[in-house]
Amino acid sequence: MISLIVYGIIVGCIIALGAIGLTMVYKIVGIANFAHGDFMTLGAYIALVMVSIVLPWVGIPDTRFGPLSFGWRMVIAFPVSMLFVAFIAIFFDKLLYKKLRKKKSNAVILAMSSLGVAFIIRMLILIIWGSDYVFYRPGLLRPALFLPLGIRIRPDEIFIVCTAIFLVVLLHLFLNRTKMGKAMRATSDNPDLALVTGIDTERIISWTWAIGGALTAAGGILYGIDVQLHPGMGWNFLIPIFAATILGSIGNIYGALIGGFVIGIAQEVSTAFLEPTYKLPVAFMIMIIILLVRPEGIFGKE
Amino acid sequence: MSILKVDNVTAGYTPESSILHGLTLELNEGEIVSIIGPNGAGKSTLLKAIFGLLKPTEGQILLRGENIAGMPPFKIAKKGLSYVPQVDNIFPSLTIQENLEMGAFIRDDDYSGTMEGVFSLFPVLKERRNTRAGTLSGGQRQMVAMGRALMLNPSILLLDEPSAGLAPIFVSSIFEKIKEINATGVSILIVEQNAKEALKMSHRGYVLAMGRNVMDDDSDALLNNEDVGKLYLGG
Amino acid sequence: MHIAGLSSYIVSLIIMAGIYAVLSLGLNIQWGYTGLFNIGIAGFFCIGAYTSAMITTPMPSGIYAKYVHQLFGLNLPFVFGLLGAAIAAGIIAFLIGIPTLRLRDDYLAIATLGIAETIRLIFNNEQWLANGPRGLMGLPQPLHSLVSERNYNYIYIIIVIVIMAIIYLAIEKAIRSPWGRVLRAIREDEGSASMSGKDVFNFKMQSFVFGCMVMGVGGALYAHYTRSITPTVFTPLYGTFIVWIMLMAGGSGNNKGAILGAFVIWGVWVGTKFMTDFLPPYLQSRAPYFRFLIIGIILEFILIYRPQGMIGEEKSVSKLME
């Protein structure tokens, strides 16, 4: 059971990275972004291209850091992929959502459009990489460490938790210490007043997409390091991410973080009683219960 | 001379239904001008039209002779116009200091002097600078809202019912502050329900009804006018 | 391709388009007339298909009982399958509507998406329910004895068209009734419908259940057309996404548009197959992805440049409201 909770925390980190971006986009841009999971997949595959094609070609050696399954190549690929997905997210905003915003289309049309983006990204991934399961480093045995209390954890998984914490701290500092970060919080608080104050909301929207895209890309890479890559991986995270977002109240990044851990742990613990394929319905049931009992989420005000 | 001139403006939330019908008014350098009138006269709509939140279908809004009608708000703000909406005029989850910083968002210069100025005008804000604005009382929120608007170092301040919802003791102190702000050279256009108090501190006033300017005169003259007294000043 | 081959090809095309038209009509009740954002169509499509399959097939016996498991097998005629599919989809819709129809539009969307995925997972995992991932096979077809196997589709096309027409007429009648006008008032603005929250909820529920029942019928029609069903068919792509594009393309809020959209988009979908034939051989296995990519791009174009679809909303109905 403790192992399941530990693994739930690891999965929770990945869900939280997705949910933090989703909750920001949801609140500031006003889109229930159904493409968020596919941004995650895209991030994982961009890192794959970097690790397996671009960086070897540049001549970065195929090293490994101690017990970890990766080395310098992944360290370089990680931020590059985050940046790439950030720009892709901004690209789709300028290409589609901005036009819909100008026409004052309602929230459902925006959500529909993002569902279209989700399929477009997934189809492109399928066209380019096919539908097979792939690994960043195939055929590598990755032994687990044995910790007290019968916990088995792989070194990679410790890295996942550390990276997630690092990114969340970075985001926290950005939102509280920088002018742009504060302006994002202001826009999330009161978009009309932000406009009146002279904050250029279109710029804030671009920043929001960039951060949302980058964080979810990071989640995708971490999942790829821990498990494997598959074109449907992000889509399967979509419902847990939404569940975590709604649980933590829309617009609340700390709520999304906690929501991610709650959903991750609940999903893993459920495998003690249910078949593992029912993880997704478990996340979904939690979401339905939250919507019934407290639709504004645990950190929301009525 | 007039620093801001609203010239024959027609505007509304939809093209079919206008709220302002050919309204004309002026604000001169260094003045406080009050706009009074019954509910639904279009007072708040006027401020929104001036600040670019509504695009007039007809007429011009001249800022120092330049037509700003329909410009986006952030461009208007850059030209030295600042606006305090009636409600939802603070960022509740930001601290007081962060609210003020946001007011200076479009300034690239050092604004610490301006912030000191705001703090000396509203000392209580300095004491509580790290408090989240959402936890403040109504009067203090209004101070944050005005402070936020002043961070732009505006030459013109538009105030939408600054006394609305405030306890009576705060009303007079807010009006005192408005006079202090004006004394530093800021021209102020103010929309008020509390017509008598507003006219007392203003240089001039306009009476609006049905989206039109029905009367304009010096404040004293309006205060002494029988019709105005009966209709809008509570007898 | 000679004439007989061509005509049977066209017939099969029309049958599938007709089945999708039924799904699209069901969605139109919900989205077009009430504004309900259901992206779990695949779930109700799936429920309808499996229910009808189990109503019309006998319980496996003898050696088959070892290999095929299903919850029940009633061996009843096709009509009962259709009715059962509608009822089952309606019951599930009712249960799901209770927690979700009070929610904001976008919450309803994510909730219905979750339901569809859950339903598919249950059918995939639970062997006892409907034979798990291997699905059900050998489903009976109505009036099968009238013609030879080869020409059976000429019978089935009539069945599909007739059922589609009945559903079309039923929806037209419903939406022109006072009930339909209330739905549209809800869609336009819940507040101005001058009703209590409970009334709004009840009307939304009726619309949701009605739409899902129609989708269930679509599922039954599909099951007896292909004669075998597996959970893999009812994915968000084939089961939900394409139906949305059909309705958006045709014109939501217009039943003729719902049908037209189904036929046009199905035509485009089939047409893209010919386009992908020109792909180099090493990309042939990825042809379906190219086809969906095109469909996805079409959706984005519709949303931005022609959100009212090809024929748009009928004005006559909104005139009635005034």
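In the text below, chain A, chain B and the rest are named by the order of the sequence lines, each starting its count at 1.
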**OP:** For residues A:I109 and C:M248, determine if any side-chain heavy atom of one lies less than 4.5 Å from a side-chain heavy atom of the other.
**Re:** yes
Subject >> Contacting moiety of A:M112, where chain C heavy atoms sit under 4.5 Å >> reply: both
Original post:
How far apart are the closest heavy atoms of C:L299 and A:G116, and which atoms are they?
Top reply: CD2-CA, 3.8 Å
Original post:
Considering only heavy atoms, which portion of C:L303 lies under 4.5 Å from any heavy atom of chain A: side chain, backbone, both, or neither?
Top reply: both
**OP:** Find the distance between CD1 (C:I245) and CG (A:L115) and round it off to the nearest 0.5 Å.
**Re:** 8.5 Å
Original post:
Which residue out of A:L96, A:L124, A:L292 racks up the most heavy-atom pairs below 4.5 Å with chain C?
Top reply: A:L96
**OP:** Against chain C, label A:I120 side chain, backbone, both or neither, depending on which of its atoms sit under 4.5 Å from a heavy atom there.
**Re:** both
Heavy-atom donor-acceptor pairs under 3.5 Å, chain C with chain A:
residue: C:D106; atom: OD2; partner: A:Y26; partner atom: OH; Å: 2.9
residue: C:N125; atom: OD1; partner: A:T277; partner atom: OG1; Å: 3.2
residue: C:N125; atom: ND2; partner: A:T277; partner atom: OG1; Å: 2.8
residue: C:E126; atom: OE2; partner: A:Y278; partner atom: OH; Å: 2.5
residue: C:R286; atom: NH1; partner: A:I127; partner atom: O; Å: 2.9
residue: C:R286; atom: NH1; partner: A:I128; partner atom: O; Å: 3.2
residue: C:E300; atom: OE1; partner: A:S113; partner atom: OG; Å: 2.7
residue: C:E300; atom: OE2; partner: A:V117; partner atom: N; Å: 3.2
residue: C:I304; atom: O; partner: A:K103; partner atom: NZ; Å: 2.3

Original post:
What part of C:I295 gets closer than 4.5 Å to chain A, counting heavy atoms only: side chain, backbone, both or neither?
Top reply: neither
Original post:
Contact part of A:L110 toward chain C, heavy-atom cut-off under 4.5 Å: side chain, backbone, both or neither?
Top reply: neither
Original post:
Which atoms form the tightest heavy-atom contact between A:P281 and C:L121, and what is the distance?
Top reply: CD-CD1, 3.6 Å
**OP:** Counting only heavy atoms closer than 4.5 Å, note whether C:L237 contacts chain A via side chain, backbone, both or neither.
**Re:** both
Original post:
In terms of heavy-atom proximity below 4.5 Å to chain A, should C:F37 be classed as side chain, backbone, both, or neither?
Top reply: side chain
Original post:
At a heavy-atom separation under 4.5 Å, does A:L100 approach chain C through its side chain, its backbone, both, or neither?
Top reply: side chain
**OP:** Apply side-chain contact (heavy atoms from CB on, under 4.5 Å) to the pair C:L113 and A:L238, showing each step before the final yes or no.
**Re:** CA-CA 10 Å; C:L113 178 70; A:L238 189 65; 4.0 Å; yes
Subject >> Closest-packed option against chain C by number of heavy-atom pairs under 4.5 Å, given A:L95, A:I127, A:I246, A:I121 >> reply: A:I127
Subject >> Under 4.5 Å from a heavy atom of chain C, the part of A:L280 involved >> reply: side chain
Original post:
Minimum heavy-atom separation for C:I110 to A:F284, with atom names?
Top reply: O-CE1, 4.3 Å
**OP:** Just give me the residue among C:P307, C:P236, C:G35 that pairs up with chain A most often, heavy atom to heavy atom, under 4.5 Å.
**Re:** C:P236
Original post:
When heavy-atom pairs shorter than 4.5 Å are enumerated against chain C, which of A:A107, A:A32, A:G130 gives the highest number?
Top reply: A:G130
**OP:** Examine whether an atom of C:I115 lies under 4.5 Å from a heavy atom of chain A, and if so say whether it belongs to the side chain, the backbone or both; otherwise answer neither.
**Re:** both
Subject >> Engaged part of A:I128 at the chain C interface, taking heavy atoms whose separation is under 4.5 Å >> reply: backbone
Original post:
Going through the distances and angles, do A:F34 and C:I39 end up as a side-chain contact (heavy atoms from CB on, under 4.5 Å)?
Top reply: CA-CA 11 Å; A:F34 287 102; C:I39 50 172; 3.8 Å; yes
